Amino acid sequence: MSKNVNIHVHHVTRVEGHGNIVVNVNNGTIEKCEWQVPEAPRFFEAMVRGRHFTEVARITSRICGICSVGHTLASVKATEDALGIQISEQSHKLRTILKHAENFDSHVVHVLFLAAPDLFGVKSVFPLVPTHEPVVRTALRLKRFGHEWGSVLAGRTTHPTKVVPGGFSDLPTTKELQVLRKRFVDEVVPDFKVALEVLTSVAHKFPKFERPTEYMALHNTQEYGVYGGDQVQTIMPDGTKETYRVADYKSITNEYVSPLSTAKYCRNKMQSYMAGALARFNNHYDQLHPEAKALATALGLKPLCSNPYLNSVAQVVEIAHSVHESLRLIDEILDGGGVKDEPLVKPTRFAEGSAAVEVPRGILFHSYAYDKNGMCVNGNCIIPTNQNHANIQYDFEKLLPEMLAADKSQDDIRLAMEMLVRGYDPCISCSTHVLNVEFKQ
Amino acid sequence: MSTKKKVKVASFDFASCEGCQIELTNMGEHIFMGLLDHIEFVEFREAMTETATEIDVALVEGSFTREADRARLEDIRRRSKIVIAMGACAVSGGINALKNHQSDYKQAVYGKDAGMPHLDSHDARPIATVIKVDYVLPGCPMNKDELVKVVSDLVHGKEPLIPNYPVCVECKLRETVCRYHLGEHCMGLVARAGCGAPCPAHGIPCEACRGFVDHPNTEALAMVLVEKGHLPKQRAETLSRMFTANARSDK
C-alpha cells in the first residue's frame, strides 16, 4: 500500500489543555505519529511556597476549573496528612458525596456535551439544539444538577469555598440534604434514564480497538475508591493486582521526560499506564453499586476492558454509581439524625504529607511540607492528564498502523485519533483543541 | 424565539484554569436556553469545533504569560467588535501573578528541565497589557449572573456597570457576621464587590479575587489585618496578596 497521510493538529494554550496530534505517513511509511503536549506552565508548586496551610487548597484549586473540587479535596487531604489531622466520619462522608458530585458533573459534560457530538456526526452540541432539543435540555438539567449538588457541600463547584483543612468551614444543613435527596429521586433518576436511552442508541459507534495496558486507581477496601483511601491499586493485562502506598506516589508515577514530547510522562511496571474511569472500573468493578453493575452489563462493558474508547462508557457507569452511592451516604447521615455541628479539627504537628483522590480523569496526587508556623515549604501535584500522556502515545502507535492496514482515509484516521484523545477526557479544553485540525499538504 | 439578528459571541482562553468557561455551562437549562434566544456562540473551544471570522462579543479568559500568545490576542481583537476580559486571570493576572514575586519559580517546579523552550513564561499580566479591553468581568471565578447581566446590557444598548464599593456592603446586605467580630481576618473592606460575598458567608476570608475598589488604602488594610485579624506583620503586608499581586504597592 502506498499512502500519504499528513495530520497536524495544533492549538496554542495553557495548562493541562494543550494537545497536538502530528502524523506523517510517506508512501506507506510512518515517519511521525505523536501525541504532543506542550503546556503553558503556571508554576503552582512554586506559588504555594510561603503560604499558610489554610490558603494552599484555595491556590491549588485554581489549577483546574473543571476539577477544582478534586484539587481542593486532594489538597486538604494531603495537608491534613502533613498536619496530623483526623477528620470526623461525618466530614469524610460529606467529602465523599462531594467527590461523587464532581465526577457526576464532569462525566455529564464529557459524555453528553463533548463525546456525544462525535457519535451524532456533528461538530458540537449546538447543532443538536434544533434537532434534539429535549435531550439537550435534559443534558443541561443534569449538568446544572451536578453543579447544585456540589454546591450544597462545597459552597460552589468552581473553586469551592467550604472545604478547608480540618473539615468544613460551613456545613450543609439537614434540610439541604433532604432536598438534595428528593431531587435525586424526582429529577436525576428520570433525566438520566432519558440520557441513557440516547447514549445506548449510539454507543455502538465507539471504535473497536484493544491495547492491553496497566490500569491505576485509588484503592480503599471499604468502597469503590473516589475520596477515601491511602492506597493505590494497579491491574495488569493478565488480571493480577498490586497495591502500593499513596505516600510512595513518586515511585509509582515515575515522572520522566520523553524525547518524543515536551510533556512529562509517567510509568509504573509497564511502559505506560492508564488512569480514569476505565482504570477505576477495571480495578474495582466488584465494588460498584449493583445499579451501576447492571448498567455496565446492559452497555456490554465488563472488566478487564482494554479499549480506551470505552472510557466514556465507563464514565456512564460511574454516573449511575455516583448517584446511588451518594443516595446511600445521604441516607446514612439522615438516618443518623442529620448533620451535626462540628468544629474544625486542629493540626497536631507540622510536617510532610501526601494524599490522592480520584478526579474525573484519574488519580490525582498532592503532597506538601509545612514549617513550624504552618507555612508551606514545598508542594507537588501529579495530575491524571499527565499520567495518561504516555498511554495515549502508545495507543497511537498501535492504532495508526492498524488503520493504515485497513486502508482507512485520512479523515477517518484523524477522527479516530481525535476520538481516542477525547475518550481519555484529558481536560475539556484539551479535547476541544484537538477538535481543530489543520492538514499540512 | 426572536427573529432578531443574534449577537455573535465567542470564548477564548489563555493561561487559566478554564473555570470561568465552565461557569457558562453551570447556568442550567432556562438561563442558557434563554441566552441562546439572544446570542449565538460562533467560537467556543471548550464546546465546539466551529470558528468565526466576525465576532460581536469576545469573552477572553486567562492571563498573558508568554510572547507566543500575543499574536493570538491581537487576532481576537481584530475579529471582535467588543472584547470582555473574563475572570481574574484576564482582568488583573489573578492567581497567576503570585509567581511575579518569585525569581526561581521555573527551577522550583521543573528543576533540570527548567530551560526547555515550552516552559517559556514571563510574569502574568492582564490581557489589557496587550490589546484594548472594552469591559471586564472580575472574580475567580467570574460571577455568571454578572455575565448574563453584562451581555443583557450590551444586547439592550446599555452601558454595563461593575460595582465600585467594597465586599463589606454585600456582607451587610446578606447579614453575614463580620469576620473581624469573630477574630478572623478578611480583605473584604477594600475588595471590589459584585460577587454577593459568598466567602465570608461560607466561613472563609474574602481574598479580593475581584481586585480592589478604586484607590484602596492597602496600608490601612495591612494594619487592620495585623491589629484586628491577628495576622503576623509579614503575612499581612505581603502574603495577603492572593489574587491582587499585580495591584499591590508591595510588589
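Atom set for the values below is all heavy atoms of this structure, side chains included, hydrogens, waters and symmetry mates excluded. No experiment lies behind these values; they were computed from the predicted model shown. In what follows, every chain begins at residue 1, and chains take the letters A, B, ... in the order their sequences are listed.
Side-chain atoms of B:Asn246 and B:Ser92 include no donor-acceptor pair closer than 3.5 Å. B:Asp13 and B:Gln21 are linked by a side-chain donor-acceptor pair at a separation below 3.5 angstrom, with hydrogens and angles left out of the test.
At a 4.5 Å heavy-atom cutoff, A:Ser61 makes no contact with chain B through either its backbone or its side chain. Heavy-atom distances place no part of A:Pro117 under 4.5 Å from chain B, backbone and side chain included. Heavy atoms of B:Ala201 lying under 4.5 Å from chain A belong exclusively to its backbone. Heavy-atom distances place no part of B:Phe12 under 4.5 Å from chain A, backbone and side chain included.
Using a 4.5 Å cut-off on side-chain heavy atoms (C-beta onward), B:Ile95 and A:Phe44 make contact. Here the side chains of B:Arg241 and B:Glu207 are not in contact, with every heavy-atom distance at 4.5 Å or above.
Partners of A:Arg62 by salt bridge (Lys or Arg N to Asp or Glu O under 4.0 Å), not counting sequence neighbours: none found. For the side-chain hydrogen bond (donor to acceptor under 3.5 Å, both in side chains) test, no residue two or more places apart in sequence or in another chain qualifies with A:Lys250. With sequence neighbours excluded, the residues forming a salt bridge (Lys or Arg N to Asp or Glu O under 4.0 Å) with B:Arg77 are B:Asp134, listed by chain and number.
If you tally non-hydrogen atom pairs under 4.5 Å between each of A:Glu148, A:His52, A:Met375 and chain B, the highest count goes to A:His52. The most heavy-atom pairs under 4.5 Å with chain B, out of A:Arg141, A:His159, A:Arg51, A:Arg156, come from A:Arg51. Of the residues considered (A:Thr54, A:Leu140, A:Val136, A:Thr158), A:Thr158 shows the highest number of contacts with chain B, using heavy-atom pairs under 4.5 Å. The greatest number of non-hydrogen atom pairs below 4.5 Å with chain A, out of B:Cys199, B:Gly203, B:Pro232, is found for B:Gly203. By number of non-hydrogen pairs under 4.5 angstrom with chain A, the leading residue of B:His30, B:Met33, B:Glu40 is B:Met33.
Contact annotation for residues 138-146 of chain B against chain A (heavy-atom separation below 4.5 Å, listed by residue number): B:Cys140, B:Pro141, B:Lys144.
A cation-pi geometry, defined here as NZ or CZ lying under 6.0 Å from the six-membered ring centre and within 45° of its normal, does not hold between A:Arg183 and A:Phe145.
Ring centers of A:His366 and A:His71: under 6.0 Å apart, within the cut-off. When ring centroids are compared, B:His185 and B:Tyr180 stay outside the 6.0 Å threshold.
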